[in-house]
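In what follows, chains are A, B, ... by sequence order, proteins preceding strands, each numbered from 1.
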Number of protein chains: 2
Amino acid sequence: MSAVTAPAAPVPQAPAFSPLYQQIKALLLKGLEGGEWLPGQAIPSEVELAARFRVSQGTVRKAIDELATENVLVRRQGKGTFVATHAEQATQFRFLRLLPDDGSPPALQRRLLECRRMRAPTEVARLLALGVGEAAVQVRRLLLAPQGDDLQPVVLDDLWLPGTLFKGLTMERLQAWRGPMYRLFEAQFAVHMIRAEEKLRAVAAQADDAALLAVPVGTPLLSVERLAYTYGDRPVELRRGLYHTAAHHYRNELS
Amino acid sequence: MSAVTAPAAPVPQAPAFSPLYQQIKALLLKGLEGGEWLPGQAIPSEVELAARFRVSQGTVRKAIDELATENVLVRRQGKGTFVATHAEQATQFRFLRLLPDDGSPPALQRRLLECRRMRAPTEVARLLALGVGEAAVQVRRLLLAPQGDDLQPVVLDDLWLPGTLFKGLTMERLQAWRGPMYRLFEAQFAVHMIRAEEKLRAVAAQADDAALLAVPVGTPLLSVERLAYTYGDRPVELRRGLYHTAAHHYRNELS
DNA sequence: ACGCATTTGTTCGTATGTATT
DNA sequence: TAATACATACGAACAAATGCG
């Protein structure tokens with residue numbers, strides 16, 4: 001009853017087989033990676049997928065269940081199963097963990113500082129798995145929190161993106177965009193972030209960073225280095241944020 | 001076919017019913033909370049539970065599935081399903097996210113500084129949901145990383161525990177214990193941590209903290225404030241850690 | 001070394017409930 | 001109301017891992 005042909009050359013030490021639902025899951029991921037279904041769109045119904053893959057509906061369900069818990073897909077009873085997108089409010093704060101200490105909802109404004117193409121520095125190239133001398137796009141921006149009548153800088157973000165994937169990303173296009181940056185990446189560059197790893201440290205503000213964040217040199221800042229991945233565990237964004245945590249904190253849930 | 005009686009007075013706005021497997025899940029949690037099965041022990045098999053609750057095995061499975069993804073239970077094929085414990089290496093680092101920058105496995109030594117009973121300070125009492133003037137236990141300790149031939153302090157931890165739950169927790173008992181502290185709490189005080197919330201900030205080292213961590217005053221430190229919960233979402237530990245992140249970092253996974 | 005019983009893991013099928021359009 | 005889609009629940013069978021005799 002195998003709908004999916006077994007791998008041609010099973011690796012001896014690795015598990016030589018995988019459960020049907022894992023194979024289905026892999027096929028769904030391939031479809032997502034190939035752009036068959038785009039963020040926000042519905043994938044075919046469970047019965048339809050079951051028919052296509054020649055497996056039972058329950059097996060498809062189990063594959064989708066896992067993708068749903070990984071936030072790759074979103075199930076909606078009565079409507080269908082949808083490709084996750086960074087457009088929704090819900091998924092909005094999955095990647096931004098900085099919250100105001102007073103419990104108010106996060107409301108940060110953006111201020112774009114820079115966007116330029118360059119050869120990727122060696123460290124950046126290594127982390128993004130780029131060849132030496134390959135192009136990269138660097139973006140710099142501030143996030144500001146309303147503070148009484150004016151705005152207080154809270155986050156200084158430095159991003160590096162693979163130049164080949166983000167051809168045509170300019171200051172103007174970034175400036176014109178209203179909405180989450182990851183949504184822009186989805187809509188205009190077909191790059192969807194599904195996962196990220198972050199390394200957090202406490203550092204002292206350097207002169208230039210201090211000036212931009214409007215804090216004294218030496219102020220303790222939360223350094224957040226993020227490597228974000230798209231389908232197939234391909235790293236597609238390196239981000240270094242400096243968070244001024246005087247009135248904000250980084251929230252994390254352990255379980 | 002309802003094995004579990006429906007709630008007597010369904011709240012109008014809230015979902016007036018709950019799926020069978022959710023009811024089973026609640027019953028399992030009640031059993032865990034009541035100490036029917038202790039950390040490390042196996043719970044009854046799926047068929048046995050199905051018979052006890054008068055539901056199908058699949059329904060029990062789904063309840064256990066959720067508890068397993070929440071790390072409350074651990075499934076082991078061929079052996080059974082076990083109550084999660086902080087004794088195992090696997091669950092060891094679920095709550096300690098500090099890793100050496102060089103990628104080596106974490107190997108921290110403990111040095112106990114203090115353990116005393118006191119009236120809970122108001123802020124501590126509030127977070128631990130204690131009454132005013134109720135007893136608390138405060139613990140202070142250092143975590144040190146091997147650095148060449150000697151040890152370098154990396155973490156300064158301050159803990160507060162409800163005095164009523166931790167009657168008899170002394171410096172000597174802490175000192176004598178070999179193994180994770182959360183395991184000691186399980187084994188000797190029947191308090192099992194299943195979840196925690198953390199707030200991270202960058203702060204400057206104060207004089208006393210700086211001395212203990214062997215860093216200059218003003219050194220940026222990562223402040224980690226943790227509130228840990230046991231079954232039934234009861235907060236049972238407040239912890240404030242100061243991490244020296246010169247050669248270590250706090251790792252987080254976003255998905 | 002072998003087989004057997006136990007337990008979880010996978011897969012199928014079917015029926016019914018609930019939400020949406 | 002009807003059609004569609006996901007959600008819940010049941011039952012059955014076999015596979016894989018484990019431990020014991």
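- In this structure, B:Arg54 places its CZ atom 17 Å from C1' of D:dA9, rounding to the nearest Å.
- No salt bridge links A:Lys199 with A:Glu197; every basic N to acidic carboxylate O contact stays at or beyond 4.0 Å.
- In this structure, A:Glu48 places its CD atom 9 Å from P of D:dC6, rounding to the nearest Å.
- Between the A:Asn252 side chain and the B:Glu198 main chain, no donor and acceptor come within less than 3.5 Å of each other.
- A search for salt bridge (Lys or Arg N to Asp or Glu O under 4.0 Å) contacts involving B:Lys25 returns B:Glu66, B:Glu70, not counting sequence neighbours.
- Side chains of B:Asp65 and B:Tyr21: no donor on one and acceptor on the other come within 3.5 Å.
- Residue pairs satisfying the salt bridge (charged side-chain N to carboxylate O under 4.0 Å, His left out) criterion with at least one member in residues 86-112 of chain A, sequence neighbours excluded, are listed as follows: A:Asp101-B:Arg201.
- Between B:Lys25 atom NZ and D:dT8 atom C1' the separation is 15 Å, expressed in whole Å.
- OP1 or OP2 of D:dC6 sits under 4.0 Å from a side-chain N or O of A:Thr81.
- Whole-Å rounding puts the A:Leu73 CG to D:dA7 P distance at 12 Å.
- Legend: salt bridge (charged side-chain N to carboxylate O under 4.0 Å, His left out) pairs involving residues 176-190 of chain A, not counting sequence neighbours, sorted by first then second residue: A:Arg183-A:Glu186.
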Pair up each side-chain donor or acceptor in residues 29-45 of chain A with any protein partner under 3.5 Å, not counting sequence neighbours, and list the distances.
| from | atom 1 | to | atom 2 | distance (Å) |
| --- | --- | --- | --- | --- |
| A:Glu36 | OE2 | A:Arg52 | NH1 | 3.3 |
| A:Gln41 | OE1 | A:Leu38 | N | 3.0 |
| A:Ser45 | OG | A:Glu48 | N | 3.3 |

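- In this structure, the CZ atom of B:Arg76 is 12 Å from the C1' atom of C:dT8, given to the nearest Å.
- Comparing D:dA9, D:dA5, C:dT7 against the side chain of A:Ser45 picks out D:dA5 as the nearest.
- Nearest nucleotide to the B:Arg75 side chain, out of C:dT11, D:dC10, C:dT8: C:dT8.
- The six-membered or imidazole ring of A:Phe185 lies away from that of A:His86, with a centre-to-centre distance of 6.0 Å or more.
- The nearest whole Å value for the distance from the CD atom in B:Glu46 to the P atom in C:dT10 is 11 Å.
- For the contact set between residues 59-68 of chain B and DNA chain D, defined by any heavy atom under 4.0 Å, the members are B:Thr59, B:Lys62.
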TODO: Between protein and nucleotides 12-21 of chain D, map the contacts as a letter string: B base, S sugar-phosphate only, - none, heavy atoms under 4.0 Å, written 5' to 3'.
DONE: ----BBSS--

- [ ] For side chain to side chain contact (heavy atoms under 4.5 Å, CB included), just list the numbers for A:Leu49 and A:Leu28, CA-CA rounded to whole Å, side-chain angles, deciding distance to a tenth of an Å, and then say yes or no.
- [x] CA-CA 9 Å; A:Leu49 288 170; A:Leu28 290 173; 4.1 Å; yes

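- At the heavy-atom level, B:Gly80 lies under 4.0 Å from the strands shown only through sugar-phosphate atoms.
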